[in-house]
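To start, the structure under review is shown below, and the notes come after it.
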Amino acid sequence: MDMDQDDFDLEGYSANYNGYGKIHRLMHIVRTAPNGSRLELEALRLLVDALKQTYNTASYTDATTMIGGRLGPKYDFDSAWVQQTDSRAASKSEALERELNGFKTNLMKEAIRVGQTDLADHFYSRGDLQSAFKCYLRTRDYCSTSKHILSMCLNVVRINIALGNYINVSNYVQKAEATPDIAKDPVLASKFRCAGALALIDSKKYQLAARKLTEVAAEMGNQFSEAMAAQDVAIYGGLCALASFDRSELRRHVIDNMAFHEYLELCPEVREVVADFYGARYSACLQRLARLVPHLRLDAILGPHINHLHDAIRSKAIVQYTRPFQSVHLPTMAAAFGTDSTVLERELAYLIQKGDVAARIDSHNKVLYARHANQRAATFSAVLKAGQEYLDNTSAALLRASLLKHDLVQRHGAAGFTSTNTISGTHPNIPPANDQGPAFRFFPPGPAPPLATGNGQMETL
Amino acid sequence: MEHLNHLHPEQHTLGYSYILAALIPIHPLPANQVNPLSPREWHNYALRLANVGTSEQLRLAPEKFVLVMQAMVSISEAGGEPLVLVRPLQLAVAKLSAGSQTITALHADLFKQCLRSKFYNAALPFLDFQPESVEPSKTGLTVRSFLLFCYYGAMIHIGRRQYDKALRLLLYALTAPTMVVNGITIAAHKKFVLVSIIHSGALQNLPKFTSASVTRASKIDNGPYLDLAAACKDDTQWTRLLTQHQALFQQDGNLGLVLLATESRIKFRIQRLTQTYLTLSLQDIALHAGLAGGPAEAELRILRMIESQEIFAEIDEAAGMVRFVEDPQQYDGADVAHILDEQIQRAKELASKLQAVHCEVACDKAFHSKAAAGKERHGRAPAFEDPGDFMTAEPMSYGNPLMP
């Protein structure tokens with residue numbers, strides 16, 4: 001894995017993003033890359049470069065501590081810059097707050113909104129996401145047009161993606177999508193689609209995520225690079241689509257979708273994977289995918305899901321491969337998937353048990369036979385079962401109704417019989433011979449165990 | 001006491017049971033007191049009552065009769081041999097139920113003696129029916145005796161390996177209307193968990209209408225059992241829980257069932273393999289099913305399962321291969337038609353019973369006053385406007401899946 005990750009073009013990757021998205025993704029790579037590797041140092045270098053453009057001195061301090069002098073004097077802790085930036089930031093936020101207070105005393109609605117947004121942007125640049133989130137939220141009361149609402153939603157969504165709080169993301173995406181004017185601006189609508197897709201990926205709803213991403217308009221391009229670069233639309237959308245769409249959906253939403261094609265062109269590897277999959281060249285497809293996976297594992301958003309997606313795509317490929325055949329020679333199929341037949345057999349067995357592949361394996365001759373369900377027998381057995389269930393349930397309901405009618409309801413705990421007793425430790429070892437209501441006065445509790453329960457029964461079983 | 005000799009248990013059953021109930025010997029005796037009848041003498045009188053008493057009379061005061069019978073059981077139990085009680089109790093139950101299929105307070109006592117004597121078949125005539133209503137005023141049934149009917153009845157079914165019937169009875173106990181939870185219900189839940197693993201390979205969910213207190217109490221009290229059920233698919237976890245809670249299972253008298261559940265997990269695993277493979281070597285079967293004994297054990301198990309028709313397969317001894325074949329049942333024989341017909345007839349009967357119950361409810365004054373009160377409270381119409389709707393409703397409308 002290290003080898004594969006070493007040839008990762010980190011500079012190209014990070015150039016796709018700006019704003020906090022870049023910092024967020026670089027920090028993720030720093031965390032996941034092996035300690036001391038080229039990748040980690042490179043990520044740290046780029047991270048410090050990016051942080052120097054902002055007011056985010058806290059993250060800068062952390063990053064330089066992590067470098068610890070490994071990148072030469074240029075990347076040592078620059079206390080002068082930090083002090084200078086801190087004081088500049090303090091005076092700027094003071095100025096912004098003073099301004100905002102002025103607007104507030106004069107009750108200038110629109111100015112307050114702009115002032116809050118400016119303050120929030122400043123916090124965002126400082127890396128203080130929580131405060132920024134609060135300020136953006138406060139603008140909500142001062143929104144007068146649907147355009148304002150949309151920009152508020154977008155800001156909140158942006159912040160929450162950075163915070164990783166996807167519940168808020170999907171809430172505000174919904175709010176934005178319910179706003180009437182959203183259809184007029186395809187770029188803005190696409191941004192919300194992307195954000196919604198990220199939230200869906202986070203909750204493992206890959207199919208819905210793929211739907212959203214394939215609907216992104218081509219005009220958006222790289223305009224949402226704070227959260228998602230243009231390539232990401234292709235990568236996330238393409239992989240989710242492969243993992244969850246069936247063939248006709250794949251054709252309709254991906255292959256024939258001109259807008260999505262433009263995104264796929266930006267990321268030729270994914271385009272080839274999709275084309276190979278659709279063209280049933282599974283071996284090539286899976287090999288390409290396997291090469292992509294280590295890189296994608298570094299991605300802050302897709303990383304945690306990539307293994308799952310990879311497995312899902314592989315299973316999907318196996319299912320599609322077997323579907324048209326009456327019988328398949330396992331070694332041939334194993335060759336097509338670039339694996340050996342015992343591994344394939346295990347995978348197939350798993351898929352058959354899950355019900356994804358309707359077939360049975362002849363393990364002796366290494367052949368997979370399609371199995372056509374006997375509809376007639378299945379119907380008969382279902383009918384008999386349903387009939388029996390109906391009879392059982394109905395008579396049980398009648399019995400319960402009758403119990404209620406005659407008030408045979410346990411209302412108070414007779415001593416030694418309520419469950420509380422069990423909790424407190426003494427086990428009511430079911431109705432021993434000696435407590436049968438009034439006849440209780442007869443004979444002392446005999447030494448005989450209550451009855452031939454389980455252990456006694458074993459002998460006869 | 002001498003009255004007993006003047007009365008004839010057949011002609012004067014009612015008086016006889018009242019007097020016997022009053023004369024039940026006390027034990028241990030308080031100082032300076034004598035039992036009017038010695039336990040042995042009293043027992044003989046009670047036995048006569050059970051043998052020749054008339055059904056109509058003893059159904060007039062079932063609680064006295066039940067009291068006498070249960071005292072008779074406890075005297076005999078002290079004597080040891082449970083088998084001698086089976087016949088008198090069979091007679092007593094038959095008389096108390098007057099030949100109709102209903103649950104009486106004495107069913108549970110009969111079942112218990114059958115269990116103690118391991119004479120399960122003696123209970124069958126009184127167990128193998130579908131109870132649909134109860135008449136506590138004539139049969140002396142109480143909540144406790146109903147729950148015990150379900151519990152002991154289920155144990156007899158378990159003893160006869162009729163797990164589906166056992167599950168149904170245990171469900172009756174678990175879903176019986178209740179305000180507080182009876183210890184019997186909790187014990188029934190333990191058995192329910194284990195039997196459902198044995199029968200279907202996994203824990204069955206309790207139905208929605210199960211009283212919330214039962215669900216809650218069973219979660220609190222039966223944690224180890226539920227943990228075991230959750231570990232059904234995980235071998236190491238299962239073994240760990242088994243050793244950890246072995247003492248508890250033993251104490252609850254459920255260790256036998258736990259061991260059976262362990263066996264049946266393997267059985268279900270092999271059954272699943274038949275859905276996946278056409279042929280599989282014994283070696284692989286042993287591997288997939290997690291058998292410690294290797295191919296030899298796998299062969300033995302497969303052989304047994306083929307014999308009991310749990311799977312359909314052929315073993316190729318020379319090649320060490322097993323070939324699984326399809327279920328030969330193709331539902332094209334007269335027997336299937338017969339079963340279907342029987343089910344339809346029973347469904348028809350049930351539908352007319354339901355209809356009768358509906359009519360009864362629709363004519364019930366208490367129901368109407370309740371429905372009217374509900375209407376006032378919620379300010380909306382009840383589910384139906386006119387009780388006439390109920391009367392004219394077709395029986396088909398109860399969602400009978402078997403009717404055309």
Side-chain angles (χ1 to χ4, degrees), chain A residues 349 352-353 360-365 369 376-377 380-381 384 386-388 390-392 394-396 398-404 406 408-413 416-419 421-423 427-428 430-431 433-434 436-439 441-444 446 448 451-455 457-458 460-461, chain B residues 24 26-28 67 70-71 74-75 77-78 112 115-116 118 130-134 136 141 143 146 148 159 168 172 175-184 186-187 217 220-221 251 253-257 272 276-281 284 321 330-331 336 339 343 346-347 350 353 400-402:
Chain A
I352 293 172
Q353 279 182 5
R360 294 212 296 178
I361 303 168
D362 185 341
S363 174
H364 187 48
N365 301 315
Y369 289 102
R376 187 175 170 278
F380 261 98
S381 101
L384 286 174
Q388 192 60 46
Y390 166 76
L391 293 175
D392 287 351
T394 313
S395 50
L398 279 174
L399 178 65
R400 272 199 313 284
S402 180
L403 285 173
L404 271 177
H406 293 102
L408 284 180
V409 181
Q410 182 85 34
R411 284 183 199 285
H412 46 79
F417 277 99
T418 46
S419 72
N421 227 359
T422 350
I423 301 168
H427 187 269
I430 283 319
N434 56 10
Q436 313 231 330
R441 49 198 165 115
F442 202 82
F443 276 86
L451 53 143
T453 37
N455 37 2
Q457 224 155 54
M458 239 347 246
T460 56
L461 286 172
Chain B
I24 294 175
I26 300 169
H27 185 96
L67 197 64
Q70 287 177 342
S74 47
I75 293 179
E77 263 178 356
K112 192 167 108 185
L115 282 167
R116 289 183 70 209
K118 300 200 169 47
Q130 189 90 59
E132 270 145 21
S133 60
V134 293
L141 191 69
V143 181
F146 173 75
L148 283 178
R168 198 164 52 196
Y172 286 165
T175 56
T178 180
M179 301 282 187
V180 295
V181 184
N182 196 307
I184 302 167
I186 294 296
I220 297 172
D221 287 6
Q251 185 199 343
N254 285 331
L255 192 60
L257 283 177
R272 262 205 301 278
T276 315
Y277 291 96
L278 264 180
T279 63
L280 195 63
S281 68
D284 283 344
M321 274 285 164
Q330 290 300 317
Y331 300 98
V336 177
I339 295 172
Q343 275 195 358
R346 280 188 50 208
L350 262 185
K353 267 185 203 161
N400 181 342
L402 286 182

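Numbers restart at 1 for each chain; the letters A, B, ... are given by sequence-line order, proteins then strands.
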**OP:** Show your working on side chain to side chain contact (heavy atoms under 4.5 Å, CB included) between A/Leu391 and B/Gln343 and close with a plain yes or no.
**Re:** CA-CA 8 Å; A/Leu391 293 175; B/Gln343 275 195 358; 4.2 Å; yes
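- Looking at A/Ser402, its side chain does come within 3.5 Å of a backbone N or O of B/Val134 through a donor-acceptor pair.
- Among B/Arg272, B/Lys353, B/Met321, the residue with the largest count of heavy-atom pairs under 4.5 Å with chain A is B/Met321.
- Considering only residues two or more places apart in sequence or on other chains, B/Arg346 meets the salt bridge (charged side-chain N to carboxylate O under 4.0 Å, His left out) condition with none of them.
- Of all the listed residues (B/Leu278, B/Asp284, B/Thr279), the one sharing the greatest number of non-hydrogen pairs under 4.5 Å with chain A is B/Thr279.
- Taking both residues in full, the closest heavy atoms of B/Tyr277 and A/Ala349 are given as OH-CB, 3.2 Å, listed atom of the first, atom of the second, then distance.
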**OP:** Run the numbers on A/Ile361 and B/Leu280 for side chain to side chain contact (heavy atoms under 4.5 Å, CB included), then give the verdict.
**Re:** CA-CA 8 Å; A/Ile361 303 168; B/Leu280 195 63; over 6 Å; no
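- Ranked by heavy-atom pairs under 4.5 Å with chain B, the list A/Leu408, A/Leu404, A/Ile352 is led by A/Leu408.
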**OP:** Give the intermediate values and the outcome of side chain to side chain contact (heavy atoms under 4.5 Å, CB included) for residues A/Leu399 and B/Phe146.
**Re:** CA-CA 11 Å; A/Leu399 178 65; B/Phe146 173 75; 4.0 Å; yes
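- Evaluation of the side-chain contact (heavy atoms from CB on, under 4.5 Å) rule for B/Arg168 yields A/Gln388, A/Asp392, B/Gln130, B/Lys165, B/Tyr172 as partners, not counting sequence neighbours.
- To the nearest 0.5 Å, atoms CZ (A/Arg360) and OG1 (B/Thr276) are separated by 8.5 Å.
- The minimum heavy-atom distance linking B/Ala176 with A/Leu403 is given by the pair CB-CD1, 4.3 Å.
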**OP:** Evaluate side chain to side chain contact (heavy atoms under 4.5 Å, CB included) for A/Gln410 paired with B/Val180, printing each intermediate quantity in order.
**Re:** CA-CA 6 Å; A/Gln410 182 85 34; B/Val180 295; 3.7 Å; yes
